[in-house]
Structures are given as structure tokens and as C-alpha cells.
Amino acid sequence: QLQLVESGGGLVQPGGSLRLSCTTSQYTLDYYAIGWFRQAPGKEREGVSCISSTDGNTYYADSVKGRFTISRDNAKNTAYLQMNNLKPEDTAVYYCAADLWGPGQTWNSEADYDYWGQGTQVTVSS
């Protein structure tokens, strides 16, 4: 059972930046696509970004393109989500998830992800 742990969330002012991390100490993440999802209060969870397991391709929701950057460091068994120019509407609990040999046809299909972290709160407010 792969256990994912997110970190890096917090309170930031609009226009600020945060970097989220997703890591596991149990197994290698090399074979997994890593997706970042978020859920704001009263809203459904949505896909934010994904980095593939093999070719390094990246995918982004339209709402974060140009502001967020996903990356991975397989040597550290960690994936990152760099979030710049944060907006109040980015406030949510952010989850990372792992999809073996993913992503599938739709990178933000939650059903394709096998393992999920517990989430980290990101609050953007002045």
C-alpha cells in the first residue's frame, strides 16, 4: 500500500507563492504518474495538474496554466507543485495522488488514481 504525504500548504497573501511536496518513504514513485487535485469548501474535487510516469509530460487545468508548475525528483521520491501568483479562488485542500504507469486517457480522472494523500490546506487571503 503506497502512502503519500503532502506538505507545504499554509496561509499566503494574494500574489504570493507556495510549493507543495508529495512524497513516500515506502516505494519508488518512478512508475507512477502524480496528480494534484484540490477541493474547495462546498465544491467538488477537481484536477489541478499531473506529471506522467514515463515521458515527463505535464498537464494543467486551464485555471492554473501559467501560474502553477508540476515537477518530480525521482531521486528524492518526491513530486512538487510550485504555485505562483496565488489567488483567493485557489483556496482549497490540495491532494496528491498516484496512478501506476499513468496517466490514462484523461489525466484528471480521479478513478484512475490508485493512491491518495491526506491533503494539505492552502489558504489565499489578505
Side-chain angles (χ1 to χ4, degrees):
Q1 192 81 335
L2 187 66
Q3 291 184 330
L4 302 173
V5 178
E6 303 99 335
S7 62
L11 172 64
V12 64
Q13 292 186 342
S17 298
L18 285 173
R19 188 177 77 159
L20 305 183
S21 299
C22 173
T23 191
T24 180
S25 60
Q26 301 165 289
Y27 306 105
T28 180
L29 289 179
D30 291 10
Y31 311 124
Y32 292 87
I34 302 298
W36 285 97
F37 293 77
R38 67 185 181 186
Q39 187 167 23
K43 295 188 176 180
E44 292 188 355
R45 191 157 56 186
E46 63 175 353
V48 175
S49 184
C50 171
I51 186 165
S52 72
S53 58
T54 53
D55 54 16
N57 282 349
T58 57
Y59 309 84
Y60 296 94
D62 287 344
S63 59
V64 306
K65 279 181 183 176
R67 300 188 298 122
F68 291 11
T69 303
I70 192 170
S71 62
R72 66 193 300 159
D73 185 339
N74 286 346
K76 295 183 178 180
N77 229 20
T78 302
Y80 304 96
L81 185 68
Q82 177 67 43
M83 305 186 296
N84 297 330
N85 190 21
L86 282 160
K87 303 176 181 180
E89 51 263 42
D90 295 318
T91 295
V93 178
Y94 283 71
Y95 301 89
C96 69
D99 176 8
L100 185 63
W101 298 118
Q105 285 192 323
T106 307
W107 67 267
N108 57 351
S109 172
E110 293 186 33
D112 289 348
Y113 288 83
D114 308 293
Y115 303 100
W116 291 79
Q118 298 279 58
T120 185
Q121 177 71 47
V122 171
T123 303
V124 185
S125 175
S126 54

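Just so it is clear, the values below take in all heavy atoms, side chains as well, and ignore hydrogens, waters and symmetry mates. Because the structure is predicted, anything quoted here is derived from the model rather than measured.
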So, using salt bridge (charged side-chain N to carboxylate O under 4.0 Å, His left out) as the criterion, who are the partners of K65 when residues are at least two apart? D62
Cluster link [X] to [Y], ILVMFWY, side chain under 4.5 Å:
X	Y	value
F37	Y94	no
L29	Y95	no
Y80	I70	no

Reported [atom1]-to-[atom2] distance for the pair [X] and [Y], which is rounded to 0.5 angstrom:
X	Y	atom1	atom2	answer
L4	C22	CG	SG	4.5 Å
I34	Y32	CD1	OH	9.0 Å
R67	Q82	CZ	CD	12.0 Å
L81	F68	CG	CZ	6.0 Å
Q118	T120	CD	OG1	11.0 Å

Partner set under side-chain contact (heavy atoms from CB on, under 4.5 Å) for V124, not counting sequence neighbours: V12, P14, L86, P88, D90, T91, V122
Which pairs, with at least one residue in [range] and sequence neighbours excluded, count as a side-chain hydrogen bond (donor to acceptor under 3.5 Å, both in side chains)?
range	result
residues 51-60	S52-D55, D55-N57
residues 98-117	R45-E110
residues 9-21	S17-N84

Test question: given the 4.5 Å side-chain rule for I, L, V, M, F, W and Y, name all other residues clustered with V5, or answer none. none
For E46 and R38, which heavy atoms make the closest approach, and how far apart are they? OE2-NE, 2.7 Å
Name of the residue among T78, N77, D73 meeting side chain to side chain donor-acceptor pair (under 3.5 Å) with T23: T78
